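Only this structure's heavy atoms are used, side chains among them; waters, hydrogens and symmetry mates stay out. Below, chains carry the letters A, B, ... as their sequence lines are ordered, and counting in each starts from 1. Here the structure is a predicted model, which means the values were calculated and not measured.
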Amino acid sequence: MTDTQALSAPIANVARPARRSQWRTAYFGTPGNALVTLVCGGVILLLAKFALGWLFLNAVFDGGAEACKQSSGACWPFLADKLRYMLFGFYPFEEQWRPLVALSLFLGSCGLSMIPRVWGRGLLLAWVIGILPLLYVLMAGGVFGLTAVPTSKWGGLPLSFMLSFVGLAFALPLGIGLALARASHLPAIRVLGVGFIELVRGVPLISILFMAAVMLPLFMPDGVTIDKLLRAQVAIILFAAAYIAEIVRGGLQDVPSGQFEAGRALGLHYWQVMFKIVLPQALKKVIPALVGLFIAFFQDTTLVTIIGLLDFLDTVRTALRDPDWQGIAVLEGYVFAAAIYFLFSALMGVYSRFLERHFNTSYR
Amino acid sequence: MLFLNDTRFRAAFYQFVAISAVLLAAWVMYRTASANLARQDIATGFGFLSRQAGIAISETSIAYGPTDTVARAILVGLINTIKVSFLAALFGTIIGVFVGIGRLSANPLLSRLMLAYVEVLRNVPLLLYLFLWYFLIILVFPPVRQAIQLFPGFFLSNSGLAVPSLEWHSGFELVLSALGLGIAAALVVRSVARRRRIASGQANAGWIVALILLILPVLAVWASGQVSLSWSAPEAGRFRLTGGLQIRPEFVALLVGLMLNLSASVAEIVRAGIQAVSKGQWEAAQALGLPRSRTLRLVVLPQALRVIVPPLTNTYLSVFKNSSLAIAIGYPDLVMVSNTIMNQTGQAMETIAIFMGIYLGLSVLISLFMNWYNARVALKTR
């Protein structure tokens, strides 16, 4: 160890080229490379110039719709005016502190739960009996002197988060069950598992949402109606479960079959082997992939706007059609929505890559 | 109670319980659904397929009018779905391969620019992009009356792009079969030439022969004088353009949205695939004197394909399924046409069953094709 260090240290010092020449090779090493640099630099400059001009230099900062109509830049007063509507939809105006608190509480708890060190049974319990009921009470009201707000009034960013987070939280156990069914040695169980997974994965999400919106009421006994939001939520849970099942199956296949056999040889029951030996190893491997799936589902919840739920994309689009602002700030609205989606998706992407490194190092 | 501990008995018992539960649930659902349908006076069965559809479809690739049957309307929607998914997959793959290679460029400016491209596309929902592209097309291009004439016969306006088209009067089938013959002959020559090249190690002129064989039958049919066709150029009318081929803004928005979305996924897959090829392959090719572009084309990409093809299958399946977002911007794909029919006939169950069945069937077909292709590029172990 010390020998190699002694040998390599001076060599590394001598061989390292000056930073300046490294920089020159990277950008202007060959004529072709120099051309690529110039073209890319030009594209970046053009984009930066356009973005700067649109966002700030030509933008309107105060004034109303008329001022925005005259200007070619972004219309910030539109955002200021419609921000609360875009974030919270038709939630009663005086009560909008409740979704705000719920959203902050949710994001804060998510942020804390992202630290691998706090993972464990306690955290799960805190979510199930503490955070989730509290969020529901905040949103729905009806107790502790809070006015009751029906789910038809829920909308905006809290709804988008709810559909994707609750969707995935419930889909996870279901998906694990489906993956176990698919890996089962009982033919009938396996066929049922495979059938469900392949059926759901073979059709678009929108068709399952249509089923929930149009077909599900037909399957209900007379007089029983299920809340529209709940129906969409169930559709998302079923859809997500099939995708989770495939990811978990990948994890299960990575666990050597000797682990299962050794557990059975020790006299453990099938469920004990699965829950105490196989699944912990399998799930650990697929956590980064599950976070990746969560990003996709966070974006896919936008599809509920097609069946008429007021998710974040829908409230933004409704704000664009406001008679005061119609046709004036369309680009602004879409860019704002895109920025919000980008922010959360990119953050989760960074987290997914962090987890990948985290689990990689803990194995070595 | 010995038999309760018998694994064979327990296995049979569990399976029996699972299947009975599923059958029971299905039976209960069937009973409530048929009672509900009878009470609401909704017809059942697939008889409505042969009735008159009575809906207009804004984009049709085969002859269709409102007086045609419901089944034909669904077929028009299906063809539109396939058309837009196929074109999006084709162009998206081409863009994605270049972006993926650019991501690995030694030039930091290019690789970061490509990274930004991928991240901007992957972190924003596709549906939002579809709305955005559609809005931009309507915003940027002028109304029909002031349509921009790009070249004579090419008009660009906010109701789409109008281009001249060929109109066949006779001999279409003849040309088509000549083309098929040419392609078959060219493929045979190509494979013979390839085998000879590999056996002898010498380049040969097989591709020239193949090219000649490809166009010869078509030219021969043309020269026989049995084909007649004419140009149909779009003409600017008062309110709309008539004649020629009209490419509608909904189609363009959907195509661009799907294509860009797919290209970002393909770029990531291609990058991962190229990175999976060991560095020694690059160095060996360089030592043999191959330039960088040929190394990439002849040595690295064929090996990367093995890693690339399986995830690529999933990407193609998802572009096919994502084309159903067409309904949000009003492109008449399978789902949108079915939805219109559903609203008209009230036969939600049958209609949803039909389009889900079609999606399922085609998904399986795409999977089978990609598995066949995967088996072709997979590592041949001796």
Tell me if the [atom1] atom of [X] is crowded by more than 12 foreign heavy atoms within 6.0 Å.
X	atom1	answer
Arg264(A)	CZ	yes
Tyr270(A)	OH	yes
Phe98(B)	CZ	no

Hey, are the side chains of [X] and [Y] touching, using non-hydrogen atoms and a 4.5 Å cut-off?
X	Y	value
Ile208(A)	Met356(B)	yes
Leu126(B)	Gln299(A)	no
Leu109(B)	Val36(A)	no
Leu132(B)	Val335(A)	no
Pro204(A)	Tyr359(B)	yes

[X] portion near chain B, given a 4.5 angstrom heavy-atom threshold:
X	value
Leu331(A)	both
Thr301(A)	neither
Leu199(A)	both
Leu343(A)	neither

Interatomic distance, [X] atom [atom1] to [Y] atom [atom2] [nearest 0.5 angstrom]:
X	Y	atom1	atom2	value
Ile327(B)	Ile306(A)	CD1	CD1	6.5 Å
Arg317(A)	Leu127(B)	CZ	CG	7.5 Å
Ser207(A)	Leu360(B)	OG	CG	9.5 Å
Leu325(B)	Asp300(A)	CG	CG	8.0 Å
Ile206(A)	Ser323(B)	CD1	OG	11.5 Å
Ser105(B)	Asn33(A)	OG	CG	6.5 Å

Answer with side chain, backbone, both or neither: which region of [X] has an atom nearer than 4.5 Å to a non-hydrogen atom of chain A?
X	value
Leu317(B)	neither
Leu136(B)	side chain
Phe131(B)	both
Asn322(B)	neither

Could you go through Lys321(B) and Val203(A), starting from their C-alpha distance and side-chain angles, then the distance that decides it, and tell me whether this counts as side-chain contact (heavy atoms from CB on, under 4.5 Å)? CA-CA 7 Å; Lys321(B) 285 180 281 179; Val203(A) 297; 5.7 Å; no
The side chain to side chain donor-acceptor pair (under 3.5 Å) partners of Gln253(A) (sequence neighbours excluded) come to none
Going by residue number, which parts of residues 188-196 of chain A are within reach of chain B, meaning a heavy-atom gap below 4.5 Å? Ala188(A), Ile189(A), Leu192(A)
How far apart are the closest heavy atoms of [X] and [Y], and which atoms are they?
X	Y	value
Leu110(B)	Cys40(A)	CD1-SG, 3.5 Å
Leu128(B)	Leu313(A)	CG-CD1, 3.7 Å
Asn314(B)	Arg201(A)	OD1-NH2, 4.3 Å

Output every pair passing side chain to side chain donor-acceptor pair (under 3.5 Å) with a member in residues 108-122 of chain B, not counting sequence neighbours, ordered by first then second residue. Tyr117(B)-Ser263(B), Glu119(B)-Asn123(B)
If you count heavy-atom pairs under 4.5 Å with chain B, which of Phe344(A), Phe210(A), Phe298(A), Tyr334(A) comes out on top? Tyr334(A)
Top contributor to chain B contacts, counting heavy-atom pairs under 4.5 Å, from Ala337(A), Pro187(A), Gly41(A): Pro187(A)
Heavy-atom pairs under 4.5 Å with chain A: which of Pro108(B), Ser363(B), Ala18(B) has the most? Pro108(B)
Can you list everything that forms a side-chain contact (heavy atoms from CB on, under 4.5 Å) with Gln286(B)? Sequence neighbours excluded, please. none
